[in-house]
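Each chain gets a letter, A, B and so on, in the order the sequences are listed, and its residues count up from 1.
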Protein chains: 2
Amino acid sequence: MHSEAVASRSAEHRDSRESRNGSTPHLDAVSLAIIQQLQEDGRRPYAAIGKAVGLSEAAVRQRVQKLLDQGVMQIVAVTDPLTVGFRRQAMVGINVEGDVESIADALTDMAEVEYVVMTAGSYDILAEIVCEDDDHLLDVINKRIRALPGVRSTESFVYLKLKKQTYMWGTR
Amino acid sequence: MHSEAVASRSAEHRDSRESRNGSTPHLDAVSLAIIQQLQEDGRRPYAAIGKAVGLSEAAVRQRVQKLLDQGVMQIVAVTDPLTVGFRRQAMVGINVEGDVESIADALTDMAEVEYVVMTAGSYDILAEIVCEDDDHLLDVINKRIRALPGVRSTESFVYLKLKKQTYMWGTR
DNA sequence: GCCAGGGCTGCGGAATCCGCAGATCTCACT
DNA sequence: AGTGAGATCTGCGGATTCCGCAGCCCTGGC
């Protein structure tokens with residue numbers, strides 16, 4: 001059981017080296033396994049994770065810290081905003097003329113905007129907005145988003161009910 | 001400083017009593033503050049949270065456990081799927097005839113569907129899909145979603161770039 | 001008035017976290 | 001080849017945290 005552990009470790013080394021070439025740092029199998037563990041339970045002890053992925057407690061700790069520092073993952077509490085007092089949410093589809101990315105950056109800077117993604121299809125950008133009430137939502141969409149230079153049009157989808165919200169990819 | 005702590009604690013008691021009337025268990029100010037702490041760092045020690053919200057370590061622990069048990073929040077690692085090997089993501093807008101909720105439930109049961117929300121606007125449902133490649137994505141949309149009885153039409157938005165993804169509401 | 005239930009505190013033992021030193025491996029450069 | 005820098009893993013204490021439990025307080029119902 002000792003030899004195979006060593007073998008797999010050296011394999012990981014190779015993977016992590018190769019990966020650092022790409023701009024998006026690829027992840028080796030061990031880091032993926034660690035992330036998977038933390039997707040099941042963000043507070044799982046490092047020792048338990050180490051046992052599951054075949055690493056020492058300290059090594060897991062160092063890897064997790066690095067993943068957090070690099071921004072590859074974040075360990076956070078997630079809720080349904082509706083149960084936490086934010087009464088109005090909406091997805092907004094946006095069409096842009098000119099530089100899409102600069103508009104996306106402007107949206108990113110807004111506190112009420114939780115989620116920004118550039119897309120292919122009949123919208124250039126999809127943005128999710130979390131607000132306290134209708135007035136707040138209206139204000140963000142009409143006064144702030146539509147006011148951005150380059151925004152050609154927007155279409156809103158007000159949330160009625162959140163049915164599913166998971167973070168378990170890789171677990172399947 | 002002692003008296004005010006006691007005062008605020010009894011106030012919370014009232015809040016939590018009132019709230020349990022509603023079907024969606026409302027949260028008192030202290031639980032919100034705890035969630036807020038854990039939205040900043042899902043691994044923050046209970047003692048540190050207790051100091052921040054004015055509760056003992058044990059009380060925070062009990063509240064967190066309850067919030068998890070009730071499903072009000074989950075503490076998990078979240079990533080950008082693109083960096084974790086899922087090459088294709090899309091948001092799908094769906095129009096339904098008949099019972100919207102049953103369609104939403106069917107989507108919820110699909111492993112590739114990460115996010116389902118019922119909306120007002122030109123779609124009845126928005127669903128986010130996470131796949132490994134184009135074939136997989138095509139299969140889910142055309143073979144599985146469109147095959148659901150009651151789905152009238154779908155429109156897809158393939159993700160090009162994730163710009164923002166936060167879980168910090170309440171922190172502002 | 002009294003009891004049941006929920007929530008908080010304080011406490012002690014077990015488990016976990018955390019920093020550090022040393023070992024190993026790889027890669028680049030001479 | 002040889003060497004040195006860099007990255008990663010392991011092992012080990014000491015400090016911190018987690019966890020279950022007993023006791024107390026407050027509230028609401030009988």
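Aromatic ring pairs are classed by plane angle as parallel below 30°, tilted from 30° to 60° and perpendicular above 60°; the pair B:F157 and B:Y123 is perpendicular.
Mapped onto DNA chain C by nearest heavy atom, B:R61 and A:A48 fall at different nucleotides, with B:R61 at the one closer to the 5' end. Across the interface with DNA chain D, nearest-nucleotide mapping of A:R43 and A:A59 shows A:A59 to be the residue nearer the 5′ end. Comparing A:P45 and B:V60 against DNA chain C, the residue whose closest nucleotide sits nearer the 5' end is B:V60.
At whole-Å resolution of the value, CG in B:L68 and C1' in D:dC19 are 15 Å apart. Distance A:Q37 CD to C:dT16 P: 14 Å, rounded to the nearest Å. Atom CZ in A:R44 sits roughly 12 Å away from atom P in C:dC17 (whole-Å rounding). Between A:E57 atom CD and D:dG13 atom P there is a gap of 15 Å when expressed in whole angstrom units. Counting to the nearest Å, the P atom of C:dA15 and the NZ atom of A:K51 are 11 Å from each other. Atoms CG (B:D41) and C1' (C:dC17) sit 13 Å apart, rounded to a whole Å. At whole-Å resolution of the value, OH in A:Y46 and C1' in D:dT8 are 17 Å apart. The distance between atom CD of A:Q65 and atom P of D:dA7, rounded to the nearest whole Å, is 16 Å.
Under 4.0 Å is where a charged nitrogen must lie from a carboxylate oxygen, and between A:D133 and A:R87 no such pair does. Between B:D28 and B:R63 there is a salt bridge, with a side-chain nitrogen of the basic residue lying less than 4.0 Å from a carboxylate oxygen of the acidic one.
Between D:dA7 and A:K66, no contact under 4.0 Å exists linking OP1 or OP2 to a side-chain N or O.
Closest contact between the side chain of B:R63 and the listed nucleotides D:dT8, C:dG7, C:dC18 involves C:dG7. Each of C:dC17, D:dT10, C:dG10 was ranked by its minimum atom distance to the side chain of B:A58; first place goes to C:dG10. Listed candidates were D:dT10, D:dC19, D:dA7. Nearest to the side chain of A:L55 is D:dT10. In the set D:dC19, D:dC9, C:dC8, C:dC8 carries the atom at the smallest distance from any side-chain atom of B:S56. Listed nucleotides D:dC18, C:dT9, D:dT10 differ in distance to A:Q62; the shortest reach to its side chain belongs to D:dT10.
The one candidate from B:E128, B:K164, B:Q165, B:K163 that meets the side chain to side chain donor-acceptor pair (under 3.5 Å) condition with A:Y115 is B:E128.
The distance from atom CZ of B:R61 to atom CD of B:Q65, rounded to the nearest 0.5 Å, is 9.5 Å.
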